[in-house]
Engineer: 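The structure's right below; bear with me while I get my questions together.
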2 protein chains.
Amino acid sequence: MRKVTIQDVAQYANVSRSTVSRVLNNNSSVDAELAARVMVAVRTLDYHPNRAARRLRKQTEDVVGLLISDIRNPFFGSVIRGIEDEAYKQHVNLVLCNTDEASSKIQNYLQVMQAERVSGLIVVPTHDDNHDILREVQADGIPIVLIDRSLTYESFDRVKVDNINGAFHAVNHLLEHKYRRIGIIYPEVETGYERLQGYQKALRSNGVEYDSSLVEVCGYTIDSSHEATKRLMAQESPPDALFTANNLLTLGAMRALRMSNIRIPQDIALIGFDDMPWATELYTPLTVVSQPTYELGKQAFVTLYQRIKNPKMAYQSIFLTTSLIIRESCGCLPS
Amino acid sequence: MRKVTIQDVAQYANVSRSTVSRVLNNNSSVDAELAARVMVAVRTLDYHPNRAARRLRKQTEDVVGLLISDIRNPFFGSVIRGIEDEAYKQHVNLVLCNTDEASSKIQNYLQVMQAERVSGLIVVPTHDDNHDILREVQADGIPIVLIDRSLTYESFDRVKVDNINGAFHAVNHLLEHKYRRIGIIYPEVETGYERLQGYQKALRSNGVEYDSSLVEVCGYTIDSSHEATKRLMAQESPPDALFTANNLLTLGAMRALRMSNIRIPQDIALIGFDDMPWATELYTPLTVVSQPTYELGKQAFVTLYQRIKNPKMAYQSIFLTTSLIIRESCGCLPS
DNA sequence: TTGAAAGCGCTAACAG
DNA sequence: CTGTTAGCGCTTTCAA
């Protein structure tokens with residue numbers, strides 16, 4: 001079963017290859033009758049243009065690279081779905097790359113994406129040292145939109161969530177309910193820092209002093225948060241409330257608390273970042289800062305697509321807002 | 001910043017393009033000194049072969065398509081990670097396609113993947129009517145491995161979990177603990193049918209009669225399981241135990257049960273399919289049939305890669321086993 | 001409006 | 001072992 005090429009279609013329709021190409025890319029005008037003949041040929045022969053050839057010729061086409069840290073984090077599942085639904089509409093494909101927050105993998109994937117001549121990139125940047133590589137790729141003519149985290153740098157399109165405010169409202173809520181020793185567990189990434197800032201801001205605006213013994217930096221895993229929580233609770237005067245900076249860390253904290261028989265919210269209040277389908281079914285239904293994950297992905301793709309179509313467009317920064325969903329873990333609702 | 005081509009490298013190294021190509025693909029032997037010169041040129045010029053060109057010429061290369069139903073199901077997150085880790089080792093990229101179990105999307109994506117000349121496909125098939133399309137693509141020379149579900153058809157490589165046994169052991173466990181009216185909620189996909197079979201098998205082997213009023217078919221969502229559970233519990237004589245056929249459905253069931261103040265395991269025992277990180281933190285820690293999700297993905301890629309390298313290899317069917325993890329929801333442990 | 005011709009960057013046959 | 005040559009399938013000038 002030989003592959004059908006544009007040549008076959010041309011022959012069948014009795015036109016030149018260029019004409020076939022023209023009707024398929026409907027840019028320049030083609031005689032209606034010829035066009036019709038071509039379409040018939042395309043259909044009867046079930047012709048699908050070879051994308052590799054097209055890409056080689058056009059130097060780019062219809063593939064977007066996606067660099068995220070780890071697909072197993074359910075946060076990304078939803079984001080990607082938002083991206084994909086939009087991408088599907090425009091017939092663009094997504095190449096998935098897990099970077100594990102590792103510079104070496106990012107670098108490697110970036111090179112590959114460049115070699116692929118992808119038409120754009122959606123990336124969750126990790127460390128500041130990615131900046132230069134990212135700029136290089138961008139300078140090479142590949143549009144990039146930064147998602148979730150955006151570095152401190154300008155001159156990239158960015159779609160992100162207002163982490164500072166999200167964290168601020170969460171911690172403020174705790175403060176309003178008279179919790180005073182509020183612990184925080186956050187990872188060393190930009191979103192983590194921002195959530196810490198929101199935490200600090202809430203403290204300040206309530207006249208509560210910042211106590212570094214309540215602050216725990218941790219990794220990206222449940223286990224690492226489990227350990228951090230244990231450290232926090234083992235102190236002389238442990239926190240009376242806890243704010244965890246993402247869904248995985250929340251799970252780790254709950255595990256640690258459960259194992260130490262510390263009850264939520266009776267012994268400690270808890271608010272987590274990220275809403276998830278299981279948040280309502282946890283042993284204490286979780287109060288959360290909910291992020292518009294799907295929307296995040298959707299906006300990222302829309303922005304990228306705009307830039308692809310119009311490379312000279314001014315850089316955009318889209319901020320999405322979070323919402324505080326109050327359930328039982330923060331202790332202000334009767335359980 | 002013009003792109004560096006193989007020609008530039010050739011010039012710089014003072015050899016022909018073919019020689020450069022040869023050292024980069026290290027198939028035929030090249031004089032050591034020339035090879036060294038080429039490598040220097042490659043490095044100093046920071047040359048990366050254009051993958052589109054390479055693919056056009058070789059008619060396939062280093063891209064594998066991934067057709068799954070919905071990335072938001074955390075089951076797939078883990079599977080994909082297993083795939084990706086292996087793929088990364090072989091420098092192959094993954095194109096992600098969400099099909100939503102919709103034939104039209106599957107068909108569409110399959111065509112695109114064909115046009116892309118991907119070197120292989122890993123697909124979670126949905127309905128039997130996919131079979132012919134899949135065969136066509138395969139006949140076209142694109143290796144396919146079927147994952148999670150495998151249709152009843154032969155002549156595909158398949159990697160799947162032993163659903164029948166997994167379900168059997170779960171339901172058997174319930175039966176051993178004297179539950180007699182065991183409900184089941186499952187979706188209309190192959191894995192669902194198989195889990196139903198395991199359920200039936202356990203019933204038979206314990207001499208318990210099959211009661212269709214305890215059997216609920218549902219969709220793929222939490223909500224749909226929520227409804228199914230309500231129907232089940234609204235009956236004259238509701239089940240005293242429940243088996244839910246995947247992680248999303250389990251969540252839906254727990255939600256329905258909680259809202260009706262039906263306690264787990266006091267009023268009803270529950271075992272779900274799929275272990276998840278949050279299973280331990282649910283309001284009743286969940287007894288589950290745990291699937292080797294990461295391994296599933298890993299084996300899928302390994303098998304696909306073998307077939308790509310050796311198209312004439314006999315078709316493989318790899319079965320992975322599940323394990324029953326007993327926690328509190330099935331009621332046999334003191335809580 | 002259409003066709004002929006050139007060439008995107010690469011690899012593989014074929015000579016040498 | 002190496003270079004020359006000929007395309008892979010497509011789009012895009014350039015003429016007609």
Engineer: Tell me: CG of Leu24(B) to P of dG9(C), nearest whole Å?
Structural biologist: 16 Å

Engineer: Please enumerate all residues that pass salt bridge (charged side-chain N to carboxylate O under 4.0 Å, His left out) together with Asp31(B), with sequence neighbours excluded.
Structural biologist: none

Engineer: Could you tell me how far apart Arg117(A) (CZ) and dG9(C) (P) are, to the nearest whole angstrom?
Structural biologist: 7 Å

Engineer: In whole angstrom, what separates Asp8(A)'s CG from dC10(D)'s C1'?
Structural biologist: 13 Å

Engineer: Show me the pairs that pass salt bridge (charged side-chain N to carboxylate O under 4.0 Å, His left out) and involve residues 92-102 of chain B, at least two apart or across chains.
Structural biologist: Arg81(A)-Asp100(B), Asp100(B)-Lys105(B), Glu101(B)-Arg149(B)

Engineer: What does the inter-axis angle of the helix from dT1(C)-dA16(D) to dG16(C)-dC1(D) come out as, five pairs per end, nearest 10 degrees?
Structural biologist: 40°

Engineer: Hey, is Asp140(A) close enough to Lys3(B) for a salt bridge, meaning N to O under 4.0 Å?
Structural biologist: yes

Engineer: Expressed as a whole number of angstroms, how long is the span from Gln7(B):CD to dT11(C):C1'?
Structural biologist: 14 Å

Engineer: I need the NE2-C1' distance between His48(B) and dC10(C), as an integer number of Å.
Structural biologist: 16 Å

Engineer: Quick one: ring-ring contact (aromatic ring centres under 6.0 Å, His included) pairs with a partner in residues 53-92 of chain A, sequence neighbours left out?
Structural biologist: Tyr88(A)-Tyr109(B)

Engineer: Can you sort out the partners of Pro187(A) under side chain to side chain contact (heavy atoms under 4.5 Å, CB included), two or more places apart, ordered by chain and number?
Structural biologist: Val189(A), Tyr220(A), Ala245(A), Asn246(A), Leu249(A)

Engineer: Hey, can you pull the donor-acceptor pairs under 3.5 Å for the side chains in residues 302-312 of chain B, sequence neighbours left out?
Structural biologist:
{"residue": "Thr303(B)", "atom": "OG1", "partner": "Gln299(B)", "partner atom": "O", "Å": "2.7"}
{"residue": "Tyr305(B)", "atom": "OH", "partner": "Gln90(B)", "partner atom": "OE1", "Å": "3.4"}
{"residue": "Gln306(B)", "atom": "OE1", "partner": "Gln316(B)", "partner atom": "NE2", "Å": "2.9"}
{"residue": "Arg307(B)", "atom": "NE", "partner": "Asp157(B)", "partner atom": "OD2", "Å": "2.3"}
{"residue": "Arg307(B)", "atom": "NH1", "partner": "Pro311(B)", "partner atom": "O", "Å": "2.9"}
{"residue": "Arg307(B)", "atom": "NH1", "partner": "Met313(B)", "partner atom": "O", "Å": "3.1"}
{"residue": "Arg307(B)", "atom": "NH2", "partner": "Asp157(B)", "partner atom": "OD1", "Å": "3.2"}
{"residue": "Arg307(B)", "atom": "NH2", "partner": "Asp157(B)", "partner atom": "OD2", "Å": "3.3"}
{"residue": "Arg307(B)", "atom": "NH2", "partner": "Met313(B)", "partner atom": "O", "Å": "2.9"}
{"residue": "Arg307(B)", "atom": "NH2", "partner": "Ala314(B)", "partner atom": "O", "Å": "3.2"}
{"residue": "Asn310(B)", "atom": "OD1", "partner": "Lys312(B)", "partner atom": "N", "Å": "3.4"}

Engineer: The criterion is salt bridge (charged side-chain N to carboxylate O under 4.0 Å, His left out); which residues satisfy it with Arg51(B), sequence neighbours excluded?
Structural biologist: Glu116(A)

Engineer: Round to the nearest Å and state the distance from Asp62(B) atom CG to dT11(C) atom P.
Structural biologist: 11 Å

Engineer: dC10(C) P sits how many Å from Arg51(B) CZ, rounded?
Structural biologist: 12 Å

Engineer: Return the set of residues passing salt bridge (charged side-chain N to carboxylate O under 4.0 Å, His left out) with Arg54(A) (not counting sequence neighbours), or none when no residue passes.
Structural biologist: Glu61(A)

Engineer: Could you run through nucleotides 1-8 of chain D and give me one letter per nucleotide, 5' to 3': B if any protein heavy atom sits under 4.0 Å from the base, S if only the sugar-phosphate is that close, - if neither?
Structural biologist: SBBBBBBB

Engineer: For Arg54(A) and dT12(D), give me the distance from atom CZ to atom C1', rounded to whole Å.
Structural biologist: 13 Å

Engineer: Output yes when a side-chain donor or acceptor of Thr19(B) lies under 3.5 Å from a complementary backbone atom of Val15(B), and no otherwise.
Structural biologist: no

